[in-house]
Amino acid sequence: MKKILVTGGAGYIGSHTIIELVKSGYFPIIIDNLCNSSINNIHGIEKIIGKEFRWHNIDCTDKLKMQKIFLEECDIEAVIHFAAYKSVEESVNKPKKYHDNNVGSLNVVLECMKDKNIQNIIFSSSCTVYGMPDILPVEESAPFKKAESPYGETKQICEKILLSNPCNSISLRYFNPIGSYSSALIGDCSADKASNLVPIITETVIGRRKEITVFGDDYNTSDGTCIRDYIHVVDLAKSHVSALEFILNQSGKHVFNIGTGNGVSVLEAIKTFEKANNLKVNYSIGKRRSGDIEKIYADTKLAKQKLDWEPKKTLKDAMISAWNWEKMKE
């Protein structure tokens, strides 16, 4: 059974990926200091897989503690590096915090990998590396435009670091992960205030918010609202297993878009939630928000061709599971 070290493995995407790794016969080991997650996800993983697993409560920027873990955990085949701060809004106000943590943690991981001669890493990247793309759907070969936030800039920097490092690497550029595991035992436990559309929808419907503000309805789109590519987090988790199998058999540097390839507007997403859950969402139209990209969605042909991966779950599936997770948190 191959050992895979997973930083940030108690987080939203990390916890779902742990489940898929176990299902596929891998032995994941988690490093997570729970600064932006919860022990509840650890317990949820154990309930789903029916056993305990190894978990180290460590900050990935702490080099001495990280070196100790890499020394103790022998025969690691690969690292999946999720650990990072992820709030675009907070990154604008605290750019140094984001640079120190997101770039710093990758540098520490790579140094530890070098010391232990671990050759393979899968990096949790983002479609924010593209900035405002010129052509849609956006392909992996599209040039990096100016990042719209310090968060996006840290992802650009990290991808460049990986290109200059001798290890084998895959950067998975996520689009917009939504939804939750079917049992609602794991999900997004982020400590920061929700800033993504679907968590804001569920918080509004359950009563933690009065309404959603739709930022602008005068964009050059079908209904005037911004367009995004929403992917179910379980499909996203499975892409990491496909990427892992790929990198263990093929060396080099690789990047893949992980999305659905379908552009969905803000209003379409709200209406899909309402129909899927038979609920009403209170929203109002506001002014455009600074830094918002008008539309972005993925070209996913490369992931299908090289990784033999493609999303299976629908937007409706994601909206139902997102609401189930919100109810479970109450």
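We're numbering straight along the sequence, starting at 1.
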Notebook entry, point to check: Is any side-chain heavy atom of Cys127 less than 4.5 Å from a side-chain heavy atom of Ile296?
Noted result: yes
Item checked: Straight-line distance of Arg228 CZ to Asn262 CG, nearest 0.5 Å -> 15.0 Å
Note to self: Taking Tyr85's backbone N and O only, do any of them form a donor-acceptor pair with Asn102's side chain (distance below 3.5 Å, no angle check)?
What the structure shows: yes
Next item on the list: Could you walk me through whether Leu34 and Ile39 pass side-chain contact (heavy atoms from CB on, under 4.5 Å), step by step?
Entry: CA-CA 7 Å; Leu34 303 183; Ile39 192 67; 4.2 Å; yes
Item checked: Exam field: side chain Arg173 to backbone Glu140, donor-acceptor pair closer than 3.5 Å -> yes
Next item on the list: Kindly say whether Asp235 contributes a backbone atom to a donor-acceptor pair with the side chain of Lys313 at under 3.5 angstrom?
Entry: no
Note to self: Side chains of Tyr283 and Val266, heavy atoms from C-beta outward: is any pair under 4.5 Å?
What the structure shows: no
Check: Got a donor-acceptor contact below 3.5 angstrom from the Asp229 side chain to the Gly261 backbone?
Finding: yes
Checklist line | Atom CG of Asp75: over 12 foreign heavy atoms under 6.0 Å | finding: no
Next item on the list: Please examine the side chains of Asp59 and Cys35, heavy atoms only from C-beta on, and report whether any two atoms are closer than 4.5 Å.
Entry: no
Checklist line | Minimum-distance pair of heavy atoms, taken over all atoms of Val103 and Cys158 | finding: CA-SG, 3.9 Å
Check: Is any NZ, NE, NH1 or NH2 atom of the basic residue among Asp218 and Arg288 found under 4.0 Å from an Asp or Glu carboxylate oxygen of the other?
Finding: yes
Note to self: I need the minimum non-hydrogen distance between Ile320 and Asn277, along with the two atoms involved.
What the structure shows: CA-OD1, 3.6 Å
Note to self: Under a 3.5 Å cutoff, is there a donor and acceptor pairing between the side chains of Lys295 and Thr221?
What the structure shows: no
Margin query: Count I, L, V, M, F, W, Y as connected when their side-chain heavy atoms are under 4.5 Å apart, and connections chain through other members. Are Phe27 and Trp55 then in the same cluster?
Written below: no
Margin query: Donor-acceptor pair, distance only, cut-off 3.5 Å: does the side chain of Asn257 make one with the backbone of Asp299?
Written below: yes
Checklist line | Beyond-backbone contact of Leu71 with Asp115, side-chain heavy atoms, under 4.5 angstrom | finding: no
Notebook entry, point to check: Would you say Lys306 has more than 12 foreign heavy atoms packed within less than 6.0 Å of its NZ?
Noted result: no
Check: Does Asp188 use its side chain to pair, donor to acceptor, with the backbone of Tyr12 at less than 3.5 Å?
Finding: no
Next item on the list: Hey, could you give me the CD1/CZ distance between Ile76 and Phe70, rounded to the nearest 0.5 Å?
Entry: 5.5 Å
Note to self: Looking at Ser24 and Leu21, would you say the former's side chain and the latter's main chain have a donor-acceptor pair under 3.5 Å?
What the structure shows: no
Checklist line | Taking every non-hydrogen atom, the tightest pair across His240 and Tyr174 | finding: NE2-OH, 2.7 Å
Check: According to a 4.5 Å side-chain heavy-atom criterion applied to Ile, Leu, Val, Met, Phe, Trp and Tyr, with indirect links allowed, do Val234 and Val22 form part of one hydrophobic cluster?
Finding: yes
Next item on the list: For Lys114, look at atom NZ and say whether over 12 heavy atoms of other residues, nucleotides or ligands are found less than 6.0 Å away.
Entry: no
Checklist line | Lys116 atom NZ: more than 12 heavy-atom contacts under 6.0 Å | finding: yes
Checklist line | Nearest-0.5 Å distance, CD1 of residue Ile285 to CD1 of residue Ile212 | finding: 10.5 Å
Note to self: Please report the interatomic distance NZ(Lys2) to CG(Leu248), rounded to the nearest 0.5 Å.
What the structure shows: 5.0 Å
Next item on the list: Check whether any side-chain heavy atom of Trp309 lies under 4.5 Å from a side-chain heavy atom of Ile258, and answer yes or no.
Entry: yes
Check: Are side-chain heavy atoms of Ile48 and Ser183 found at a separation under 4.5 Å?
Finding: yes
Margin query: side-chain contact (heavy atoms from CB on, under 4.5 Å) for Ile170 and Leu244? Distances and angles first, verdict last.
Written below: CA-CA 9 Å; Ile170 293 179; Leu244 183 59; over 6 Å; no
Check: Do the side chain of Ser180 and the main chain of Ile186 share a donor and acceptor less than 3.5 angstrom apart?
Finding: yes
Note to self: Testing the basics here: between Lys316 and Ala276, what is the closest heavy-atom pair and its distance to 0.1 Å?
What the structure shows: CG-CB, 3.7 Å
Notebook entry, point to check: Between Thr272 and Val264, is any pair of side-chain heavy atoms under 4.5 Å apart?
Noted result: no
Note to self: Check this for me: does any side-chain nitrogen of one of Lys68 and Glu72 sit under 4.0 Å from a carboxylate oxygen of the other?
What the structure shows: yes
Margin query: Can you classify the ring geometry of Phe256 versus His254 as parallel (below 30°), tilted (30 to 60°) or perpendicular (above 60°)?
Written below: parallel
Check: Do Tyr98 and Glu90 meet the criterion of a side-chain donor-acceptor pair at a distance under 3.5 Å?
Finding: yes
Checklist line | Salt bridge flag under 4.0 Å for residues Lys145 and Asp134 | finding: yes
Next item on the list: Could you tell me whether Lys97 atom NZ has more than 12 heavy atoms of other residues or ligands within 6.0 Å of it?
Entry: yes
Check: Between Thr202 and Ala322, which heavy-atom pair has the shortest distance, and what is it?
Finding: CG2-O, 3.8 Å
Notebook entry, point to check: Are Phe123 and Val255 connected in a single hydrophobic cluster, I mean Ile/Leu/Val/Met/Phe/Trp/Tyr linked by side-chain heavy atoms less than 4.5 Å apart?
Noted result: no
Checklist line | same_hphob_cluster(Ile29, Ile18) at 4.5 Å side-chain heavy-atom cutoff | finding: no
Notebook entry, point to check: Is Asn33 close to Ile58 at the side-chain level, that is, under 4.5 Å between some pair of heavy atoms?
Noted result: no
Margin query: What's the separation between atom CE in Met66 and atom OG1 in Thr7, rounded to the nearest 0.5 Å?
Written below: 6.5 Å
Check: What distance separates Ile122 CD1 from Leu162 CG, expressed to the nearest 0.5 Å?
Finding: 11.5 Å
Note to self: Using the rule given for side-chain contact (heavy atoms from CB on, under 4.5 Å), can you reason through Ile227 versus Ser265, listing the C-alpha separation, both sets of side-chain angles and the distance that settles it, and then say yes or no?
What the structure shows: CA-CA 4 Å; Ile227 287 178; Ser265 76; 4.1 Å; yes
Item checked: Test log, rule side-chain contact (heavy atoms from CB on, under 4.5 Å), inputs Gln67 and Leu64 -> CA-CA 5 Å; Gln67 285 175 324; Leu64 289 177; 3.8 Å; yes
Notebook entry, point to check: Counting only N and O atoms by type, is there a donor-acceptor contact under 3.5 Å from the side chain of Thr204 to the main-chain atoms of Lys210?
Noted result: no
Note to self: For a quick test of reading the model, state the closest non-hydrogen atom pair linking Glu211 to Ser284 and the distance between them.
What the structure shows: OE2-OG, 2.8 Å
Note to self: Would a single hydrophobic cluster contain both Leu106 and Ile118, if residues Ile, Leu, Val, Met, Phe, Trp and Tyr are joined by side-chain heavy-atom contacts under 4.5 Å?
What the structure shows: yes
Check: Does any N or O in the side chain of Ser38 come within less than 3.5 Å of the main-chain N or O of Asn41, such that one atom is a donor and the other an acceptor?
Finding: no
